[in-house]
Amino acid sequence: LWPVQSFSAGTPVSLRGVPLVIDAEDAEAQRGLTALAALLSDRSAALALPQRQLLHIAAVFASNFPVQLLIEARHLLQREGLDPELIVPLWRTTAQNAALNADAALTGPARRGDRHTIDAHLRRLSADADLRRVYEVISDLILNAHHPESRVQPKEILEELAEIDT
């Protein structure tokens, strides 16, 4: 039984609305876990291994990556002597809005197709190759989803990377 949920030490969590993934070796175990899941949560699903693996990947995208990106955003502000808490209200509101309608919650230069601002941000991040790479990859993902006509070709990416390394 896998609760699709993040747990933090000392923070109680109700499982009532948390999806519980059921994985059983046989029909009897399946029935027992299904009954237990029904007692704990309103949502459960029996998934085969490939489906569970895919769900776990999606959970990493939805939970782990955004938290690490918040950590990086706070560090970025701290390095420049800015209060890292300045970004937290935006993050909370964005998470709430995304839970309601992720497509409508997505804003920012890549969503708008604003290459000028993206390029300015990339130049500002030139001293931090890892953050610059993350910014570029995620911006390209957003651009490709919302502005496919502006899709960057692999040759262009390689040329840009070569410029950074020199």
Checklist outcome for this item: CG of L86 to CG of D83, rounded to nearest 0.5 Å, is 4.5 Å
Checklist outcome for this item: What one should report as the nearest heavy-atom pair of L143 and A110 is CD2-O, 3.4 Å
Checklist entry - Do V18 and D42 come within less than 4.5 Å of each other through their side chains, counting heavy atoms only? => result no
Item to check | Whether Q51 side chain and A48 backbone form a donor-acceptor pair below 3.5 Å | outcome: yes
Checklist entry - Would L76 end up clustered with L122 when hydrophobic side chains under 4.5 Å apart are linked, directly or stepwise? => result yes
Item to check | Exam field: side chain T93 to backbone P89, donor-acceptor pair closer than 3.5 Å | outcome: yes
Next on the checklist: Tell me whether R52 at atom CZ has more than 12 heavy atoms from other residues, nucleotides or ligands lying less than 6.0 Å away.
Outcome noted: yes
Checklist outcome for this item: P3 and L1 have their tightest heavy-atom pair at CD-O, 3.7 Å
Checklist entry - Do R111 and H147 have side chains that get closer than 4.5 Å, going by heavy atoms? => result yes
Contacts table for residues 100-108: side-chain donor-acceptor under 3.5 angstrom, sequence neighbours left out:
unit_1: N101; atom_1: OD1; unit_2: D103; atom_2: N; d: 3.3
unit_1: N101; atom_1: OD1; unit_2: A104; atom_2: N; d: 3.1

Next on the checklist: Looking at every non-hydrogen atom in both residues, tell me the closest pair between V88 and P84 and how far apart they are.
Outcome noted: CG2-O, 4.1 Å
Checklist entry - Any link between L15 and V4 through a network of hydrophobic side chains (Ile, Leu, Val, Met, Phe, Trp, Tyr) touching at under 4.5 Å? => result no
Checklist entry - Could you give the distance from CG (L131) to CD (E136), rounded to the nearest 0.5 Å? => result 12.5 Å
Next on the checklist: I'd like to check E85 versus R74 (side-chain heavy atoms, cut-off strictly below 4.5 Å). Are they in contact?
Outcome noted: yes
Checklist outcome for this item: Heavy atoms of G17 and S41 approach each other most closely as C-OG, 4.2 Å
Checklist entry - So if you build clusters from Ile, Leu, Val, Met, Phe, Trp, Tyr with side-chain heavy-atom gaps below 4.5 Å, do V134 and I87 land together? => result no
Next on the checklist: Would you say that more than 12 heavy atoms from the other residues, nucleotides or ligands in this model lie under 6.0 Å from the CZ of R112, or not?
Outcome noted: yes
Next on the checklist: My understanding is that only one of D23, V21, I22 makes a side chain to side chain contact (heavy atoms under 4.5 Å, CB included) with L47; could you say which?
Outcome noted: V21
Checklist entry - Has E25 got more than 12 heavy atoms of other residues, nucleotides or ligands less than 6.0 Å from its CD? => result no
Next on the checklist: Hydrophobic clusters here meaning ILVMFWY residues chained together by side-chain heavy-atom distances under 4.5 Å, can you tell me if I71 and W91 are in one?
Outcome noted: yes
Checklist entry - Is there a path from W2 to F7 through hydrophobic residues (I, L, V, M, F, W, Y) whose side chains come within less than 4.5 Å of each other? => result no
Next on the checklist: Just so I know, are the side chains of L20 and L36 near enough to count as touching, which here means a heavy-atom distance under 4.5 Å?
Outcome noted: no
Checklist entry - Between CG of L90 and OG1 of T94, what distance do you get to the nearest 0.5 Å? => result 4.0 Å
Checklist entry - Are more than 12 heavy atoms from other residues, nucleotides or ligands located less than 6.0 Å from atom CZ of R92? => result no
Checklist outcome for this item: In this structure, CD1 of I118 is separated from CZ of R123 (nearest 0.5 Å) by 11.5 Å
Checklist entry - How long is the span from the NE2 atom in H121 to the OG atom in S126, to the nearest 0.5 Å? => result 13.5 Å
Checklist entry - CG of L33 to CD of E28: how many Å apart, nearest 0.5 Å? => result 10.5 Å
Show me, pair by pair, the donor-acceptor contacts under 3.5 angstrom made by side chains of residues 54-69, not counting sequence neighbours?
unit_1: Q68; atom_1: NE2; unit_2: E72; atom_2: OE2; d: 2.8

